[in-house]
Amino acid sequence: MEQRQKLEAVGRKILQETRTELLLSMHFLGPSLGSLQDLMDLSTTTVGTDAAYVRFNPSFLMQTFLEHPRRLNRTMVHMLLHCLFRHMFYERSFPDRELYHLCCDICVESVLDSMDYSAVQEVIPDERVEVYEELKKKVGVLTAPRLYQHFEREKPDYNRQCGLAALFHADDHSFWAKIDPPKNQPQNPNAPQENRNPDQDQDSKDSDKKEQQNRPGSGEKKPDEDTWKNNERRLQAELSAIGQEASDETGSLSRLLSIDLTKHADYRTFLRQFRIVREEQGIDPDSFDPVFYHLGLSLYGNIPLIEENEVRDVNRIDCLAIAIDTSASCEVSLVRNFLNESAGILLSGESFFRKVEIHVIECDDRVQNDVLITDVNQMKDYAKGFTLKGGFGTDFRPVFQYIDENRKQGKMKHLKGLMYFTDGYGRYPSRPTDYKTAFVFVKGSNYKDSGVPDWAIRLYV
């Protein structure tokens, strides 16, 4: 028992040294590093995480720390990126878990290889560079879900998959499957529960008991996805504060953090990104002090020392562009549903100023129409009388060119964002915009989102 405690103490000290070195050069990882505790776990021969602990084998840590200390730094950041992208929480959504693990490793290693920090820098093997170049041409941004979809279509042979796994492997993913496991799950999920051998059940219990003995600490904390959601938001804010001058050092980290392919975004939440502060008529109770008001009345009769402000600062949407794909491949019913949803939000009056500038641009391979809505009540009338115009092929670029021309002419001065409702089959622009751009897809419909440029937002409704 004393020997075990010594081994665990050495392992914790090594991990603490690793954290200190990372913090000195990559201080923005501080909250994330602090979210993982250390725990010796002899069920692994290396090191891994379950988003609550860094579970380590002390022999592996000592050997790696002595022979390849920088590799240990990379492994720690590798595990942190898994947690920040919340890969382990989505594992059950992918049938081929072995393939999913490979995609997760490629994703985080591509971020690590793009970083310019001495603490994690390594010479990138030529084979790995070739893989990145090939995948970026076919996939675009190397996120785990996109890579998984790509490999499912391409169906690489098993030898190729094993070779890639060896090229990008860094940590033990076996702990992911133990996050909130279903109750009473059979050892073999393909076998019915009632057909299992009681001796096998006893062996399984003995194995679990032995594994628990190898895992000290009955009061272990459970992995919490919300913790890593908060860490992700804090990291995004930290990277934004660092500024563009540090973008070469952080590589593709901030870009991948901004891409979330696992959620269906809510319109109101999404529209908050386009808000601006502007004065609007109305009483502002926050700036009114009743003490001075009543003091003036008591001293001077009917002369208050302060009165309510007749204008107030509000944070709402001023100018927004909504592009509608009217090509032949886009279903009319989906377009109408999208317009009705948009009209409902506009008519709520919660997100927009009383006088707004909303451009509804109808486009297939060219701009067919631009309907300017200046009052929220006009949106309902527009939705009722909407008909498809055009119906030819799709080219997204004319809408962006049209907006650029209008802005050069002094129109759309306060444009904060563009929402492009489409099925995704078309030619995308290559040049990023200086306003937020979102391509909107209907979940469950026949859409193609693989071509969306990495600077644009994907919105699923």
Side-chain angles (χ1 to χ4, degrees), residues 4 7-8 10-19 22 29 32-33 35-94 96-113 120 122 128 144 147-148 161-181 187 207-208 210-217 220-225 228:
R4 180 190 181 93
L7 287 172
E8 185 168 11
V10 171
R12 290 177 185 273
K13 189 173 182 180
I14 291 173
L15 290 175
Q16 187 58 43
E17 290 290 331
T18 302
R19 285 186 173 89
L22 289 173
L29 290 178
S32 301
L33 286 167
S35 297
L36 290 176
Q37 298 180 19
D38 301 329
L39 185 65
M40 186 171 75
D41 193 328
L42 300 182
S43 68
T44 180
T45 58
T46 56
V47 64
T49 183
D50 57 2
Y53 293 91
V54 174
R55 297 183 177 271
F56 64 89
N57 186 303
S59 298
F60 170 81
L61 289 186
M62 287 186 282
Q63 182 178 356
T64 308
F65 185 71
L66 291 173
E67 297 176 1
H68 307 286
R70 188 171 298 175
R71 188 172 300 172
L72 198 57
N73 293 344
R74 281 183 65 97
T75 303
M76 176 65 81
V77 179
H78 181 105
M79 292 187 292
L80 283 180
L81 292 175
H82 279 318
C83 296
L84 287 166
F85 296 140
R86 305 191 294 283
H87 286 157
M88 57 279 299
F89 296 103
Y90 304 136
E91 183 196 35
R92 298 181 187 277
S93 304
F94 297 86
D96 190 341
R97 296 192 180 178
E98 192 174 348
L99 178 60
Y100 177 66
H101 291 170
L102 168 61
C103 296
C104 294
D105 282 337
I106 294 176
C107 170
V108 298
E109 283 297 309
S110 69
V111 176
L112 269 167
D113 287 335
V120 295
E122 277 188 352
R128 190 182 287 189
L147 289 167
Y148 186 89
Q161 184 173 327
C162 290
L164 290 173
L167 185 62
F168 292 96
H169 174 77
D171 63 329
D172 187 351
H173 295 180
S174 63
F175 304 110
W176 296 8
K178 299 172 184 177
I179 297 177
D180 293 327
Q187 187 175 9
S207 176
D208 291 342
K210 187 179 295 184
E211 185 177 350
Q212 287 297 327
Q213 290 174 350
N214 288 333
R215 294 187 182 183
E220 294 181 8
K221 68 173 184 177
K222 293 183 179 180
D224 182 17
E225 186 178 358
W228 290 104

Among all residues two or more places apart in sequence or in another chain, which pass the side-chain hydrogen bond (donor to acceptor under 3.5 Å, both in side chains) test with [X]?
| X | answer |
| --- | --- |
| Gln16 | none |
| Ser35 | Asn231 |
| Asp96 | none |

What closest approach, in Å, do [X] and [Y] show between heavy atoms, and which atom pair accounts for it?
| X | Y | value |
| --- | --- | --- |
| Gly11 | Leu61 | O-CD1, 3.6 Å |
| Ala177 | Arg92 | O-NH2, 2.8 Å |
| Val54 | Met79 | CG1-CE, 3.9 Å |
| Cys107 | Leu147 | N-CD1, 4.1 Å |
| Tyr53 | Lys221 | OH-N, 2.8 Å |
| Leu84 | Ser32 | CD2-OG, 3.6 Å |

If you round to the nearest 0.5 Å, how far is NE2 of His173 from OG1 of Thr49? 10.0 Å
How many angstroms lie between atom CG of Leu42 and atom CG of Asn57, to the nearest 0.5 angstrom? 6.0 Å
Any donor-acceptor pair under 3.5 Å from Trp228 side chain to Ala51 backbone: yes
Would you check if the side chain of Arg74 reaches a backbone N or O of Val120 as a donor-acceptor pair within less than 3.5 Å? yes
Side-chain ion pair, Asp50 and Lys178, N-O less than 4.0 Å: no
N-O pairing of Arg12 and Glu8 below 4.0 Å: yes
Sequence neighbours left out, what passes salt bridge (Lys or Arg N to Asp or Glu O under 4.0 Å) with [X]? Give chain and number order.
| X | result |
| --- | --- |
| Asp105 | none |
| Arg128 | Glu109, Asp113 |
| Asp171 | none |

With sequence neighbours excluded, what pairs up with [X] under the ring pair (Phe, Tyr, Trp, His ring centres under 6.0 Å) test?
| X | value |
| --- | --- |
| His78 | His82 |
| Phe56 | none |
| Phe65 | none |

For [X], which residues count as a side-chain contact (heavy atoms from CB on, under 4.5 Å) partner, sequence neighbours excluded?
| X | answer |
| --- | --- |
| Thr18 | Ile14, Leu22, Leu72, Asn73, Met76 |
| Thr46 | Thr44, Phe60, Asp172 |
| Gln63 | Glu67 |

Does the plane of the ring in Phe94 sit parallel, tilted or perpendicular to the ring in Tyr100? Use 30° and 60° as the thresholds. parallel
